[in-house]
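First the structure, in the form of structure tokens, and then the observations on it.
Counting starts at 1 for both ligands and their atoms, in listed order. Positions are given from 1, in the same order as the sequence printed here.
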Amino acid sequence: MTLNCAVIVAENAEQAKTFKASALAKGAEALEFRLDAFSVIPDDFSFFAADVPTIATFRSESDEERKETFDRALAAGADYIDIEGDSGLRDIFPKEHVICSYHNYDTTPPENEIRTIINDLKSSGIPKAAFRVRGPKDLIAINDAAVTLRRQGQPFILIGMGEEGEVTRLRASDLGSLFNYCALTPKLASAPGQLTIDDAVWFGKNPVVTGITGYPLTHTFSPDIHNAAFKAAHIPGKYVKIPALPEELHLIPDVLLKYRITGINVTIPHKETIIPFLRKTDPLAKSAGAVNTILNTQNGFDGFNTDIMGISASLASVNANPKEANVLVIGAGGAARGAVAFLTREGAHVSIANRTRSRAEKLAQEFGARAVGITELQSGYTIIINATPAGMSGFENISPVPDRIFTKECVVMDMIYDPEMTPFLTAAKTAGVRAAVSGKTMLIEQAAAAFTIWTGIRPDRDVMKKTFEERSL
Ligand code: NAP
């Protein structure tokens, strides 16, 4: 059984006792005291006596000081002392009281190497190995090693470190880890990806896990929005980031299965290349040839395109009806493709303008639309949609089209949500367009639709919007 273990990072014995009481009140099932955080090692070790297992961890240069401190901790009631595998002290204490640990802060080795490391540590006590996770390959290696170790039937602790390893902590119980190390408060977290004890208790042993894959995932607002929606819906759930390079995409289905991930959003650059891994795709996703949401079902993976639902809801929010409308879509990437698929299906007359004209022509041909050159663009559109990153934070701060195309009759939509106000929207508003909508609505609506696909519940959009605004500050 996995125990949620609160890591107590205190400066002195009094504070350690206060933190211990707080951790137990929050529901901690074990306590690790980081003695190396103390300014001075105290005489009073009474905090080690508890009704739950306690661990003394002390990284120090001096073996003599460590030995004496560990002896005192055990005498005071500590159940375990944590000693690194490369320490000369690892074999001098009774094995039943030793957690023999190994940390690799750079990488995760292959599964067989993880098992070799664990088997070596095992000779001195309970083996604990923590690896820096960078992507799906590492998550699979940790899971596969855990499967074999569970079969051997002896206790072990396996941790995937870093934000990318968070799912190993959410699924610590599945992995079979003896302890799930948790921070007492977010401020006291000693490692990225570590859960707080409040969250770990709230999640229980079987939280709903959803997330996002793509590359890079540094700028995404989706985790904030989804995690706020989980809390508001009182669902013990967490949305995690699983970055994957194109050559790693084929590993994502295995990660979804092995970590029982309910569903995942798919973003750049995988929205099209994920399709061969799916059992079926909904009609909107099929017509767009792009999927941004996957549902992990018992019979395989189902693909959806909630970006399109977000576009539809954004236009509806400003009473823009695409039927028979003259619509300009700027861009010819995945997002533009979704917009064109939706708009042509709704009966709009669609023109496409793109920096690389040949891509606009190809997209236009596929959907029976019209390609136009950016420099030739004139007014006459009733709906104009920017589906390029021009004006997005980290990209050129420009509008991708000339200002002359905006008129008082038209409605404009920018898919960019960071920043909410782009040069494109500013130019449109200056021209006095009938309505302008930022990418925020699309973001919230595509997230809300994905949330419903995964949980069957309509999330609280106001909470999602508020979270977006806090994140934008
Ligand atoms: P993509 O597949 O990479 O396509 C990008 C498109 O933008 C291409 O047509 C590209 O033209 C064009 N482009 C890139 N940089 C440009 C620049 N500096 N000036 C003019 N055109 C430029 O990306 P995507 O997935 O379609 O996403 C496009 C935008 O939509 C992004 O800003 C993304 O954040 C946003 N988006 C928002 C949401 C939301 O929920 N709000 C959802 C999905 C996407 P070339 O063909 O010449 O390279």
For the pair Phe424 and Phe406, name the ring-plane relationship: parallel under 30°, tilted 30 to 60°, perpendicular over 60°.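 Perpendicular: the ring planes of Phe424 and Phe406 meet at over 60°.
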Check ligand 1 against the protein and report each N/O to N/O distance under 3.5 Å, formatted as atom name, atom name, distance.
unit_1	atom_1	unit_2	atom_2	d
ligand 1	2 (O)	Gly334	N	3.1
ligand 1	9 (O)	Ala332	N	2.8
ligand 1	9 (O)	Gly333	N	3.4
ligand 1	9 (O)	Asn354	OD1	2.7
ligand 1	11 (O)	Asn354	OD1	3.2
ligand 1	15 (N)	Arg355	NH1	3.3
ligand 1	26 (O)	Gly334	N	3.1
ligand 1	26 (O)	Ala335	N	2.7
ligand 1	40 (O)	Leu443	N	3.4
ligand 1	41 (N)	Met415	O	2.8
ligand 1	41 (N)	Gly439	O	3.1
ligand 1	46 (O)	Asn354	ND2	2.8
ligand 1	46 (O)	Arg359	NH1	2.7
ligand 1	47 (O)	Arg355	NE	3.0
ligand 1	47 (O)	Thr356	N	3.1
ligand 1	47 (O)	Thr356	OG1	2.5
ligand 1	48 (O)	Arg355	NH2	3.0

If you measure from the Lys or Arg side-chain nitrogens to the Asp or Glu carboxylate oxygens, is any gap between Lys465 and Glu469 under 4.0 Å?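 Salt bridge flag = no for Glu469 with Lys465.
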Charged N to carboxylate O under 4.0 angstrom, Lys258 versus Asp174?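 Asp174 and Lys258: not salt-bridged.
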When Phe230 is tested against each of Tyr239, Phe451, Trp454 for ring-ring contact (aromatic ring centres under 6.0 Å, His included), which residue passes? Phe451
Can you find a heavy atom in the side chain of Gln194 that is under 4.5 Å from one in the side chain of Val7?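 The answer is yes, as the side chains (C-beta and beyond) meet within the 4.5 Å cut-off.
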What side-chain donor-acceptor pairs closer than 3.5 Å can you find for residues 243-253, not counting sequence neighbours?
unit_1	atom_1	unit_2	atom_2	d
Glu248	OE1	Leu245	N	2.7
His250	ND1	Glu247	O	3.2

